[in-house]
Amino acid sequence: MNFLKGLFFVAITCAAYSCNEVKSQKTKVVENLALEKAEKQLSLQLKVAEKAERIPRTVNSKGEIHWTHNNFDWTEGFFPGSCWYLYEYTKDDKWKNAAEKFQSLFENHKYLTTNHDLGFVFNCSFGNGYRLTGNKEYVNVLTTAGDSLLSRYNPVVGCIQSWDVVNGWQSKKNWMFPVIIDNMMNLELLFELTRLTGDKKYEEVAITHANTTLKNHFRPNNSSYHVLDYDPETGAVRSKQTAQGFADESSWARGQAWGLYGYTVCYRYTKDIRYLEQANKIAKFIMKYEGLPDDGIPYWDYNAPNVPNEPRDVSAAAITASALIELDGYTSESYLPFIDKVLNTLATAKYTAELGKNHNFILMHSVGSIPHNNEIDVPLNYADYYYLEALMRYKKYKLE
Ligand code: GLY
């Protein structure tokens, strides 16, 4: 009897301890008032952006705010996307008006067929707008952008081409049909369009692209290559390389995060178990990588040569946290301790800027592209966007 009582006591104590532990982990993010702080910071950024009528992207090497290019910029959807998340959080029309105003600056880019980033650009902006307002006009915009994106699909390869190879640095690589792991992020727009329009052509392309990428882009340890170049006539893989990572065989941190997020989204729409398995495998690669710092914020490349003297990439951490919150809901794996750790770390003064500093971006210490000597240890509008998304997802998933 005493033995049983003892066991009962131990069980109750452990349950209470783990409950308190989980509670304290959860409340930390709330106590840090991460969303409130983020809203205050972006309110300041909004004032500057409204005056300039430009979209903030990052801070340049002179320490000045750097705006997105007016003719097209793959990051232009993120600032209005952040405004939509803040509208969802505050219900304040100020954020809805801001989102509408800033996304209208690039609406005519829906016709562009020269890059694969339309999924990112339009789903984060007009896509969130439709989710929150039901404005049917936005479906028209999304459909045009989706049709432009489909024009880059090659059925022989089974992929959407990422970059054109006629201009810029990409023209010096001898590529024919480059496909980057980041391209998995453009599939959400296509899945969503089939749901919105009933036309299966969008999700058919998304599924084929995801399957081709699953077959070719991953190594046996479930990390991914950055760039695969295909022969557009035969569909054969010509080379496996990097553009933004340290080396062809290294694991570029943001690329791993894009793959994780992309396959989680594919599972959301298809319930195909292979996508769930791949997302879980990528999650394990990221979380168990021996070079991952204890605070969960990765260096810009898992194989960067001078660790620990290498820049972190906060954008990769924010994308990963957001994806893992969704993935946690689909699987018996428990990602919450890792998510708690990453979000609580991002909310500290090490990564979250003081109000009014950092050109009013929320987070510090991201990396755009070290091989291009571009955007090293800077704020980035997409780090802020995925951080806000993660905080909103966390709030709904765990705190409400
Ligand atoms: N898609 C570009 C990047 O992740 O830098």
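Order of listing sets the numbers, starting from 1, for every ligand and every atom in it.
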*Would you mind telling me if ligand 1 is within reach of the side chain of Trp163, the backbone, both or neither, using heavy atoms under 4.0 Å?*
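No part of Trp163 is near ligand 1 at this cut-off.
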_Per-residue contact class, Met185 against ligand 1 - non-hydrogen pairs under 4.0 Å_ =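 For Met185, no heavy atom sits under 4.0 Å from ligand 1.
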*Nearest protein heavy atom to atom 5 (O) of ligand 1, by residue and atom, and its distance?*
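Closest protein heavy atom to atom 5 (O) of ligand 1: Arg254 NH2, 2.6 Å.
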*From Asn154, Asn216, Thr212, residue fulfilling side chain to side chain donor-acceptor pair (under 3.5 Å) relative to Tyr230*: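 Only one option passes, and that is Asn216.
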_Atom CG of residue position Asp294 - does it have more than 12 heavy atoms of other residues, nucleotides or ligands inside 6.0 Å?_
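Open: at most 12 neighbouring heavy atoms sit under 6.0 Å from CG of Asp294.
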*Got a sec: does the CG of Asp93 have more than 12 other heavy atoms crowding it under 6.0 Å?*
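Check passes, neighbour count above 12.
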*Mark up the atoms of ligand 1 that fall under 4.0 Å of a heavy atom belonging to Asp182, in ascending order.*
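Within the 4.0 Å cut-off of Asp182, ligand 1 contributes 1 (N), 2 (C), 3 (C), 4 (O).
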*Less than 4.0 Å between a side-chain N and a carboxylate O, is that true for Arg152 and Asp117?*
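Not counted as a salt bridge, because no side-chain N and carboxylate O are separated by less than 4.0 Å.
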_What I want to know is whether Gln244 and ligand 1 share at least one N or O pair that is separated by under 3.5 angstrom._
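Yes: some nitrogen or oxygen of Gln244 is under 3.5 Å from one in ligand 1.
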_Here's a test for you: under ring-ring contact (aromatic ring centres under 6.0 Å, His included), which of Phe120, Trp163, Phe122 qualifies with Trp74?_
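The single option meeting the ring-ring contact (aromatic ring centres under 6.0 Å, His included) with Trp74 is Phe120.
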